[in-house]
Structure formats: structure tokens, C-alpha cells
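Notes for the one structure printed next.
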Amino acid sequence: MRYWLLKSEPDDISIEDLAGAPQQALAWTGIRNYQARNFLRDAASVGDLAFFYHSSCADIGIAGIVEIVSTPYPDPTQFDPGSRYFDPKATAEQPRWVSVDIRFVQQGGFVPLATLKAHPELEGMPLLAKGSRLSVSPVERAQWEFIRALMAETP
DNA sequence: GCCAACGTTGGC
DNA sequence: GCCAACGTTGGC
């Protein structure tokens, strides 16, 4: 059982979208970074929990919690020429990119990026590293619980 | 919209 | 294998 942080642009998929989806679950597609993919492919398991982070938007920060509810499988968008995530070098025999399914767990307790940055306890999180672009990153248990406490302060 | 930081590509 | 050029990410 591990903890993660998943970044999403809410214009693409927001925590509200996830909460409103059938079964409150969606395929988490479009990862096109090898390090992020490797985390998903090699270390993510069913039952893992993740902070759902909204990036590139008006309210940047942790917007909710989701659960990983599938094992990794080939991201179907890599094979779809009509998708913005199409990858001409991916083949069915040798897929490059993986997806997992995620399910809504909790919304509310929004924690802005500025708040995360303000707490020395969270130094070292990949998210807060200068120039970080990782869309999937691990969260240590102590940091997970610290952020959970921050979320609880903001219903 | 700007720009810094980063990852990838491709020529050599 | 190096490294410049380019495209993308993402906060501000």
C-alpha cells in the first residue's frame, strides 16, 4: 500500500469530473513521461491512495483524494491517431505508456500549493522541487498524514 | 502571456 | 556519447 500524488489539469479532468463519473471512476490516461510511467507501471497497486492535484488553473493545489482501482494496462490513447496523446512509436506488441483506473474517494479540504510550500515538514516532496514536472510522484506516509491534517482544517 | 526548468530529439 | 535546438510543463 503506497501513497501518491497525481497531477491533473482540471480543464482536462477535475476532481469534480471524477466524482460525477459513472461508478465515480475514470481511466487515468495521457501520462507521457517515463519517470511517471515507471511509477505507475512498477510501483502502483490496487488500493493505493493518491492526492489529486489541480495544476495550470486558477486554484492550484490538492483538491481531493482518489484510489487506484486497477492494475496498470496499456494506455489506449497511445494507439488512437485522433487522440492528442497518440504515439506513433507505440505498438500493441510493445506499448510505451500505461494507464490505471482511479476512483473518487474524497473532495474538499483544498490545500493550495502556497500552503504546501509553507510547511517545512513537506520539504523534499517531488512536487515542491524546483522545476518539478512529474505528474505521478510518491508521497511518504508521514507527509501523507501531515497533508491529511491540513485538509481536515479546511472543510 | 511570459518565462524558467525540464525532457526529448537528432545531427555530428 | 555529446550537446544544441526544440517542445512542453506549469507557476506566476
Side-chain angles (χ1 to χ4, degrees), chain A residues 2-21 26-44 48-68 72-140 142-144 146-151 153-154:
Chain A
R2 294 172 188 254
Y3 299 105
W4 304 97
L5 184 141
L6 306 181
K7 277 189 203 172
S8 180
E9 299 187 15
D11 287 348
D12 190 3
I13 297 180
S14 68
I15 191 76
E16 291 84 1
D17 294 336
L18 192 59
L26 287 172
W28 179 252
T29 61
I31 299 298
R32 293 294 180 272
N33 168 284
Y34 289 106
Q35 199 178 351
R37 178 205 65 183
N38 293 347
F39 281 132
L40 273 194
R41 188 189 59 189
D42 304 335
D48 286 359
L49 295 174
F51 292 127
F52 199 81
Y53 176 91
H54 285 177
S55 68
S56 298
C57 59
D59 295 312
I60 297 165
I62 291 174
I65 293 176
V66 304
E67 179 184 4
I68 292 174
Y73 56 90
D75 180 344
T77 64
Q78 70 192 304
F79 308 123
D80 176 3
S83 168
R84 60 186 276 221
Y85 297 118
F86 177 63
D87 184 344
K89 294 180 180 167
T91 65
E93 294 73 28
Q94 299 226 307
R96 280 192 169 190
W97 308 109
V98 300
S99 297
V100 294
D101 294 339
I102 57 174
R103 185 165 61 207
F104 176 83
V105 172
Q106 173 187 324
Q107 183 180 357
F110 184 79
V111 182
L113 175 60
T115 300
L116 297 173
K117 285 180 174 173
H119 288 284
E121 293 88 342
L122 301 178
E123 280 175 16
M125 285 186 75
L127 174 75
L128 303 180
K130 185 168 187 161
S132 167
R133 298 167 56 172
L134 261 187
S135 52
V136 178
S137 60
V139 176
E140 292 171 15
Q143 294 172 338
W144 176 272
F146 187 86
I147 293 171
R148 288 297 307 268
L150 293 178
M151 294 175 86
E153 292 171 10
T154 323

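What's counted below: heavy atoms across the whole structure, side chains too, no hydrogens, waters or symmetry copies. Naming convention: chains lettered A, B, ... in sequence-line order (proteins, then strands); numbering from 1 in each chain.
In this structure, the CG atom of A:L5 is 17 Å from the P atom of C:dT9, given to the nearest Å. As rounded to whole Å, 15 Å separates atom P of C:dG10 from atom CG of A:L116. In this structure, the NZ atom of A:K117 is 8 Å from the P atom of C:dG11, given to the nearest Å. Atom CG in A:L134 sits about 11 Å away from atom C1' in C:dT9, given to the nearest Å.
Note that CG of A:L5 is 5.5 Å distant from CD1 of A:I62, once rounded to the nearest 0.5 Å.
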Protein-nucleotides 5-8 of chain C N/O pairs closer than 3.5 Å?
| unit_1 | atom_1 | unit_2 | atom_2 | d |
| --- | --- | --- | --- | --- |
| C:dT8 | O2 | A:R133 | NH1 | 3.3 |
| C:dT8 | O2 | A:R133 | NH2 | 2.8 |

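Residues A:L134 and A:F39 are in side-chain contact: their nearest non-hydrogen atoms beyond the backbone lie under 4.5 Å apart. Under the 4.5 Å side-chain criterion, counting only non-hydrogen atoms from C-beta, A:F79 is in contact with A:P74.
A:S135 comes within 4.0 angstrom of no nucleic acid atom, judged by non-hydrogen atoms across all strands.
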- Query: Going through the distances and angles, do A:R32 and A:T77 end up as a side-chain hydrogen bond (donor to acceptor under 3.5 Å, both in side chains)?
  - Reply: CA-CA 11 Å; A:R32 293 294 180 272; A:T77 64; 3.0 Å; yes
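Under 4.0 angstrom from either OP1 or OP2 of C:dG10 there lies at least one side-chain N or O belonging to A:K7.
Ring centroid separation for the pair A:F51 and A:W144 comes in under the 6.0 Å cut-off.
For the side-chain hydrogen bond (donor to acceptor under 3.5 Å, both in side chains) test, residues two or more places apart in sequence or in another chain that qualify with A:Q107 are A:E16.
Non-hydrogen atoms lying under 4.0 Å from DNA chain C are contributed by A:Y53, A:S55, A:S56, A:I60, all within residues 48-65 of chain A.
Look at A:R2 and A:D48 and you find no salt bridge, because none of the NZ, NE, NH1 or NH2 atoms lies under 4.0 Å from a carboxylate O.
The aromatic rings of A:F52 and A:W28 sit perpendicular, their planes meeting at an angle over 60°, well past the 30° parallel limit.
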